[in-house]
Amino acid sequence: MIPEDHREIRSAVRELCAHFPAEYFRDIDEKRGYPQKFVDALTKAGWLAALIPEEYGGGGLTLTEASVIMEEINRCGGNSGACHGQMYNMGTLLRHGSSEQKQRYLPRIASGELRLQSMAVTEPTAGTDTTKIQTTAIRKGDRYIIKGQKVWTSRVQHSDLMILLARTTPLAQVPKKSDGMSIFLVDLREAIGKGLTVRPILNMVNHETNELFMENLEVPAENLIGEEGRGFRYILDGLNAERALIAAECIGDGYWFIDKVTKYVSQRVVFGRPTGQNQGVQFPIAKAYINIEAANLMRFKACALFDAHKPCGAEANMALHLAAESSWEAANACLQFHGGFGFAHDYDVERKFRETRLYQVAPISTNLILSYIGEHVLKMPRSF
Ligand SMILES: Cc1cc2nc3c(=O)[nH]c(=O)nc-3n(C[C@H](O)[C@H](O)[C@H](O)COP(=O)(O)OP(=O)(O)OC[C@H]3O[C@@H](n4cnc5c(N)ncnc54)[C@H](O)[C@@H]3O)c2cc1C
């Protein structure tokens, strides 16, 4: 049954997803491929341009509506992780880019001609402690020369452009550790092989992600986004939207697991009755469902605040935490009550199980969300 809210978006996305059944994603997962046809269809239908204002050729939708798109993709058995960057990475450009940059890139991102699917922030040594990044960008005339290394930069092989965070002033010379970093729009078509080397990382999920090595990578100075030195703040500005959207993906996964397992346990007969007749089976599923519903309320609260231009850091973080935990709880119940079949590739449970596990670590570790709530919401002492 399609919920009443945002019915039109839900049915349109579902209709598109219906052309990409479980077999499609299963096959791609097995081959470790990329769901190009699916992403093309989403792009053509304009769903990935949902958050780009109409004046730049986008959908001009609210974050609430955009989150419904992400939720439905995952709820239908797909994985938004293959393309969610195209929806939200442009936010940095939209909020902080010059009008020339916006005119130049946004319409082509909206049409799908340019893919801005990648954002390179994480580094192998700094990890979650982003202010310690080692990648530097030094201005020389009309260019910046970039040196350093990134890790876990997703979708580079399916992007034309990438947002990169680098230090432009050494940590020792800035009053605040969050100062002195800048963001650049890197044209991957020019950079790869000319200062930028991409090394794919095979990982538990079929997710295209990479190590990046930058050795004297030259980026035109006009590709600096916003002011030099304020890049970390610009990244933070985009996080609330990203967290709310990813919470919606998790929630989509959560509903997928609940639908899948409730159907299965209602028809799987062991000891002469459906396994779902046992309360030992029913209760963990019911508990996961309750938690998904609660996460969903927080997700809609976060989106509504964002759409009303009100602060939503606490709500966006709490929504992601609740959603990541509850989709994982549902995944565990779904796997457990499928018994051996939960491990069979053909049932899709093990694939979705792997996919939803990621949300506890990326885009942000759940521990770091707890730390944010402890420090910024509950005003307890700062721990780092
Ligand atoms: C498949 C995948 C795709 C990704 N895509 C991208 C991408 O496109 N762009 C990008 O920039 N990054 C990306 N990432 C990186 C991701 O954001 C980081 O992996 C994540 O933020 C955790 O950082 P880390 O791996 O360096 O872990 P670390 O910082 O080493 O932390 C490891 C764990 O230690 C714990 N921990 C660390 N510090 C603390 C603390 N102070 N208090 C309590 N617990 C703590 C947490 O549980 C954390 O999970 C991706 C990661 C994966 C796995």
Side-chain angles (χ1 to χ4, degrees), residues 29 32 34 74 79-92 115-135 146 148-167 177 181-186 188 196 198-214 231-232 234-236 238-239 241-243 245-247 249-250 253 317 320-321 324-325 328 351-376 378 380-384:
D29 186 64
R32 287 184 172 268
Y34 182 77
N74 281 40
N79 180 7
S80 301
C83 55
H84 55 196
Q86 182 74 359
M87 187 184 266
Y88 59 68
N89 283 344
M90 65 79 213
T92 312
R115 299 161 301 167
L116 174 54
Q117 298 228 73
S118 297
M119 180 167 316
V121 173
T122 309
E123 297 193 3
T125 51
T128 308
D129 192 0
T130 308
T131 60
K132 302 274 172 42
I133 58 167
Q134 306 281 311
T135 298
I146 300 180
Q149 194 181 334
K150 295 283 175 185
V151 72
W152 305 115
T153 314
S154 300
R155 299 167 296 270
V156 173
Q157 297 159 54
H158 298 91
S159 287
D160 303 298
L161 305 169
M162 172 179 83
I163 287 174
L164 173 89
L165 182 73
R167 221 172 228 297
K177 61 183 183 177
M181 287 177 275
S182 305
I183 48 173
F184 299 90
L185 195 61
V186 177
L188 292 163
L196 173 64
V198 180
R199 190 184 294 163
I201 307 176
L202 272 186
N203 58 88
M204 184 172 105
V205 191
N206 175 35
H207 183 86
E208 192 248 275
T209 190
N210 309 274
E211 279 181 288
L212 304 184
F213 301 89
M214 286 147 297
F232 187 66
Y234 298 159
I235 297 277
L236 290 184
L239 289 184
E242 180 188 313
R243 294 207 173 142
L245 288 173
I246 293 185
E249 289 176 27
C250 294
D253 275 353
N317 275 288
L320 180 54
H321 193 279
E325 296 262 313
W328 176 237
R351 170 174 58 85
K352 293 286 281 180
F353 182 88
R354 287 182 276 119
E355 287 172 359
T356 223
R357 182 62 180 83
L358 177 64
Y359 296 120
Q360 308 244 335
V361 171
I364 180 78
S365 152
T366 42
N367 267 4
L368 270 289
I369 295 182
L370 294 176
S371 150
Y372 174 89
I373 299 297
E375 184 187 323
H376 295 281
L378 302 176
M380 289 190 278
R382 194 185 174 97
S383 52
F384 52 84

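In listed order, ligands and their atoms are each counted from 1.
Taking a distance limit of 4.0 Å, we find that atom 30 (O) of ligand 1 is approached by no protein heavy atom. Distances from atom 33 (C) of ligand 1 to the protein include no heavy-atom value under 4.0 Å. For atom 44 (N) of ligand 1, a protein heavy-atom neighbour is found at a distance under 4.0 Å. For atom 26 (O) of ligand 1, a protein heavy-atom neighbour is found at a distance under 4.0 Å.
Contact check for Arg354 versus Asp29: side-chain heavy atoms found under the 4.5 Å cut-off. Residues Gln86 and Leu116 are in side-chain contact: their nearest non-hydrogen atoms beyond the backbone lie under 4.5 Å apart. Contact check for Gln157 versus Leu188: no side-chain heavy atoms found under the 4.5 Å cut-off. Leu245 places none of its side-chain heavy atoms less than 4.5 Å from the side chain of Glu242. Val151 is listed as a side-chain neighbour of Ile201, based on a closest heavy-atom distance under 4.5 Å. Annotation: side chain of Ile183 is in contact with side chain of Leu165 (closest heavy-atom distance under 4.5 Å). At a threshold of 4.5 Å between non-hydrogen side-chain atoms, the residues Lys132 and Lys177 do not count as touching.
Of all atoms in ligand 1, listed by their number and element, those nearer than 4.0 Å to a heavy atom of His207 are 1 (C), 3 (C). Listed by number with element, the atoms of ligand 1 under 4.0 angstrom from any heavy atom of Gly127 are 26 (O), 29 (O). The ligand atoms of ligand 1 that sit less than 4.0 angstrom from a heavy atom of Phe384 are 41 (N). Those atoms of ligand 1 that come under 4.0 Å of a heavy atom in Pro363, given as number and element, are 17 (O), 21 (O).
Regarding atom 13 (C) of ligand 1, its nearest protein heavy-atom neighbour is Trp152 O, 2.9 Å. When only non-hydrogen protein atoms are considered, atom 23 (O) of ligand 1 lies nearest to Thr128 OG1, 3.3 Å. Here the heavy atom of the protein found nearest to atom 20 (C) of ligand 1 is Val361 O, 3.4 Å. Remark: minimum distance from atom 39 (C) of ligand 1 to any protein heavy atom is reached at Leu368 CD2, 3.8 Å. Looking only at heavy atoms of the protein, atom 47 (O) of ligand 1 is closest to Ser365 OG, 3.3 Å.
Considering backbone and side-chain atoms together, Glu123 places no N or O closer than 3.5 Å to any N or O of ligand 1. Remark: ligand 1 and Met119 share an N or O pair separated by less than 3.5 Å (distance only, no angle test). For ligand 1, the polar-atom distance check against Asn367 finds a nitrogen or oxygen pair separated by under 3.5 Å. Considering backbone and side-chain atoms together, Val151 places no N or O closer than 3.5 Å to any N or O of ligand 1.
Checked by atom type and distance alone, the side chain of Glu208 pairs as donor or acceptor with a backbone atom of Arg155 at under 3.5 Å. With hydrogens and angles ignored, the 3.5 Å screen pairs no side-chain donor or acceptor of Ser118 with any backbone N or O of Met162. Lys352 places a side-chain N or O within 3.5 Å of a backbone atom of Asn74 that can act as its donor or acceptor partner.
Residue contacts with ligand 1 for Leu358 involve side-chain atoms from C-beta outward but no N, CA, C or O (heavy atoms, distance under 4.0 Å). Residue-level proximity to ligand 1 for Ser154 is carried by backbone and side chain together, each with a heavy atom below 4.0 angstrom.
When the heavy-atom distances from atom 15 (C) of ligand 1 to Val121, Thr122, Leu370 are ranked, the shortest goes to Thr122.
Counted by atom type alone, Thr135 and Glu123 present one or more donor-acceptor pairs between their side chains at under 3.5 Å.
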Stepwise side-chain contact (heavy atoms from CB on, under 4.5 Å) test for Thr92 and Met119: CA-CA 10 Å; Thr92 312; Met119 180 167 316; 4.0 Å; yes
